[in-house]
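Can you read through this structure? Questions will come right after.
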Amino acid sequence: MGRCVIHASAYNYPHRVTDGYGGSYPRFAADNVISVFFRAAESSPTLEPRINRPWRTGSDRRVRQTHALTLTREQFRDAYDAHHRALDSPVGMVFDETLHQVLPALGVGATGCCFYRVAPPISISSATRALAQLTLQELRTVTTLSGLVSLIESNTQTEFGADILEMLYNLRNIAIHGALDFLQERDNAAARAGYDLLDSLIRNVRERW
């Protein structure tokens with residue numbers, strides 16, 4: 001009798017933000033070129049110190065402000081747990097929307113593990129706005145989510161497209177002027193991720209515009 005060796009199996013994991021953490025995680029974990037680039041940028045010892053976010057001190061003020069940031073898997077779970085506590089509260093138990101559904105009411109959009117500023121849609125209901133505020137109260141209590149809270153509470157606005165271009169330009173500057181160390185693994189990863197993102201943007205312009 002011959003042996004049957006299973007090399008891989010398909011796992012039909014749901015991809016619906018309305019299903020809560022289990023349905024949203026595949027979207028968060030998607031390694032799209034934008035997420036990979038911002039995650040690599042935040043890990044680069046040369047590029048990361050230059051990122052100029054409105055709420056942090058010590059960054060290079062010659063660099064334009066950006067808001068986009070990434071969350072780790074643990075931070076994403078912390079955010080969903082905070083949202084669950086909001087739903088489980090006496091005031092929040094009348095709601096049923098997930099974290100991804102209330103984030104736009106807080107002025108936050110998401111692609112993969114990357115979170116950024118958006119203008120809250122006018123069509124958002126008062127109930128969603130109320131749940132969003134309850135969620136924000138819980139997010140404020142979690143130390144690991146200070147960056148996400150700062151993103152939500154920032155008084156300045158930058159568009160996500162502008163954040164992407166500024167980060168790419170930031171990378172270009174340190175690559176051209178010699179500060180980026182291509183022999184440093186995390187610097188090299190940021191450079192490679194930036195190339196992949198730029199290549200994707202150019203292809204998109206060429207094929208769709």
Side-chain angles (χ1 to χ4, degrees), residues 13-30 32 34-35 38-39 41-43 48-49 51-59 64-164 166-167:
Y13 207 81
H15 186 170
R16 298 180 296 272
V17 295
T18 54
D19 287 346
Y21 179 79
S24 295
Y25 182 76
R27 176 180 294 187
F28 166 81
N32 59 46
I34 294 175
S35 279
F38 275 90
R39 188 167 59 232
E42 291 174 351
S43 297
E48 193 280 335
I51 300 174
N52 182 6
R53 296 192 178 111
W55 56 87
R56 63 177 264 176
T57 58
S59 54
R64 290 184 179 180
Q65 288 186 346
T66 57
H67 286 79
L69 53 79
T70 65
L71 296 183
T72 65
R73 182 176 63 178
E74 292 76 19
Q75 289 171 323
F76 182 66
R77 181 72 211 205
D78 288 344
Y80 251 96
D81 286 345
H83 177 67
H84 177 75
R85 290 193 297 274
L87 287 172
D88 203 36
S89 67
V91 180
M93 62 188 305
V94 299
F95 304 111
D96 62 357
E97 291 177 298
T98 65
L99 177 65
H100 266 107
Q101 290 175 292
V102 302
L103 281 176
L106 295 172
V108 175
T111 177
C113 67
C114 191
F115 295 78
Y116 49 90
R117 291 300 298 261
V118 296
I122 299 176
S123 59
I124 289 181
S125 68
S126 58
T128 301
R129 294 180 189 278
L131 177 57
Q133 291 304 312
L134 289 175
T135 299
L136 178 56
Q137 291 177 22
E138 291 294 337
L139 294 175
R140 290 186 181 123
T141 68
V142 185
T143 304
T144 59
L145 299 177
S146 59
L148 179 61
V149 172
S150 295
L151 167 65
I152 294 170
E153 296 182 337
S154 175
N155 291 323
T156 58
Q157 294 280 350
T158 56
E159 294 183 357
F160 187 39
D163 286 359
I164 293 173
E166 181 58 34
M167 191 72 79

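These figures come from a predicted structure and were not determined experimentally.
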Worksheet item: Going by atom types alone, do Glu42 and Thr70 pair a side-chain donor with an acceptor below 3.5 Å?
Response: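 Yes, side-chain donor-acceptor contact under 3.5 Å.
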Practice prompt. Give, for atom CZ of Phe28 and atom CD of Gln75, the distance between the pair rounded to the nearest 0.5 Å.
Written response: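 If I round to the nearest 0.5 Å, the distance is 8.0 Å.
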Practice prompt. Would you give the length of the straight line joining atom CZ of Arg73 to atom CZ of Phe76, rounded to the nearest 0.5 angstrom?
Written response: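 Atom-to-atom, Arg73:CZ and Phe76:CZ are 12.0 Å apart.
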Item to complete: Measure across Leu69 and Gly147 and return the closest heavy-atom pair with its distance rounded to 0.1 Å.
Response: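 Nearest heavy atoms, Leu69 then Gly147: CD2-O, 3.5 Å.
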Worksheet item: Do the side chains of Leu99 and Ser24 get nearer than 4.5 Å, heavy atoms only?
Response: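 They are not in contact (no side-chain heavy atoms under 4.5 Å apart), so the answer is no.
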Discussion item. Which residues pass the side chain to side chain contact (heavy atoms under 4.5 Å, CB included) test with Asp78, not counting sequence neighbours?
Written reply: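 Val142, Thr144, Leu145.
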Worksheet item: How long is the span from the SG atom in Cys113 to the CZ atom in Arg27, to the nearest 0.5 Å?
Response: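 Output value for this atom pair is 13.5 Å.
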Fill in: Flag, side chain of Glu97 to backbone of Leu131, donor-acceptor distance under 3.5 Å
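Looks like no, no N/O pair under 3.5 Å.
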Fill in: salt bridge (Lys or Arg N to Asp or Glu O under 4.0 Å) contacts touching residues 139-155 (sequence neighbours left out)
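Qualifying pairs: Arg140-Glu153.
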Worksheet item: How many angstroms lie between atom CD of Glu166 and atom CD1 of Ile51, to the nearest 0.5 angstrom?
Response: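 Reported to 0.5 Å precision, the distance equals 10.5 Å.
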Worksheet item: Is Arg129 atom CZ crowded by more than 12 heavy atoms from other residues, nucleotides or ligands, each under 6.0 Å away?
Response: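 For Arg129, atom CZ is crowded (more than 12 foreign heavy atoms under 6.0 Å).
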Practice prompt. Can you measure from OG1 (Thr156) to NE2 (His67) and round to the nearest 0.5 angstrom?
Written response: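 Between Thr156 OG1 and His67 NE2, I get 3.0 Å after rounding to 0.5 Å.
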Worksheet item: In terms of heavy-atom contacts, does CD of Gln65 have more than 12 from other residues, nucleotides or ligands at under 6.0 Å?
Response: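 More than 12 within 6.0 Å, yes.
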Fill in: Over all atoms of both residues, closest heavy-atom pair of Phe95 and Ala127
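That closest heavy-atom pairing would be CE2-O, 3.4 Å.
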Practice prompt. Output the distance between atom CD (Glu159) and atom OG1 (Thr66), rounded to the nearest 0.5 Å.
Written response: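 Result: 13.5 Å between the selected atoms.
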Worksheet item: Can you name the one residue among Asp88, Thr135, Thr98 that meets side-chain hydrogen bond (donor to acceptor under 3.5 Å, both in side chains) with His83?
Response: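 Among Asp88, Thr135, Thr98, the one meeting side-chain hydrogen bond (donor to acceptor under 3.5 Å, both in side chains) with His83 is Thr135.
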Discussion item. Do the side chains of Asp81 and Arg85 get close enough for a salt bridge, i.e. N-O under 4.0 angstrom?
Written reply: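 Result for this pair is no, no salt bridge flagged.
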Worksheet item: Which pair of non-hydrogen atoms, one from Ala86 and one from Ser89, has the smallest distance, and what is that distance?
Response: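 Nearest pair, atom of Ala86 first, then Ser89: O-OG, 2.7 Å.
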Worksheet entry | Candidate pair Ile34 and Phe160, rule side chain to side chain contact (heavy atoms under 4.5 Å, CB included), full reasoning | CA-CA 11 Å; Ile34 294 175; Phe160 187 39; 3.5 Å; yes
Worksheet item: Step by step, would you call Tyr116 with Thr158 a side chain to side chain contact (heavy atoms under 4.5 Å, CB included)?
Response: CA-CA 9 Å; Tyr116 49 90; Thr158 56; over 6 Å; no
Fill in: Min side-chain heavy-atom separation Phe38-Ile164 under 4.5 Å
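In contact.
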Item to complete: Compare every heavy atom of Asn32 with every heavy atom of Gly112, then report the nearest pair and how far apart it is.
Response: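 What the structure gives for the nearest pair is N-ND2, 3.7 Å.
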Item to complete: Look at the side chain of Ser154 and the backbone N and O of Leu151, then say whether any donor-acceptor pair between them is shorter than 3.5 Å.
Response: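 Looks like no, no N/O pair under 3.5 Å.
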Discussion item. I'd like to know if the side chain of Ser125 reaches the main chain of Thr128, judged simply by a donor and an acceptor atom lying under 3.5 Å from each other, with no hydrogens or angles considered.
Written reply: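 Flag set: sc Ser125 to bb Thr128 pair under 3.5 Å.
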Fill in: Test side chain to side chain contact (heavy atoms under 4.5 Å, CB included) applied to Ala110 - qualifying residues, sequence neighbours left out
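With sequence neighbours excluded, Ala110 shows a side chain to side chain contact (heavy atoms under 4.5 Å, CB included) to His100, Phe115, given in chain and number order.
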Worksheet item: Does Arg64 reach the main-chain N or O of Asn52 with its side chain, forming a donor-acceptor pair under 3.5 Å?
Response: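 Not a single qualifying donor-acceptor pair exists.
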Worksheet item: Which pair of heavy atoms, one from Cys114 and one from Ser35, lies closest together, and at what distance?
Response: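 That closest heavy-atom pairing would be N-OG, 3.6 Å.
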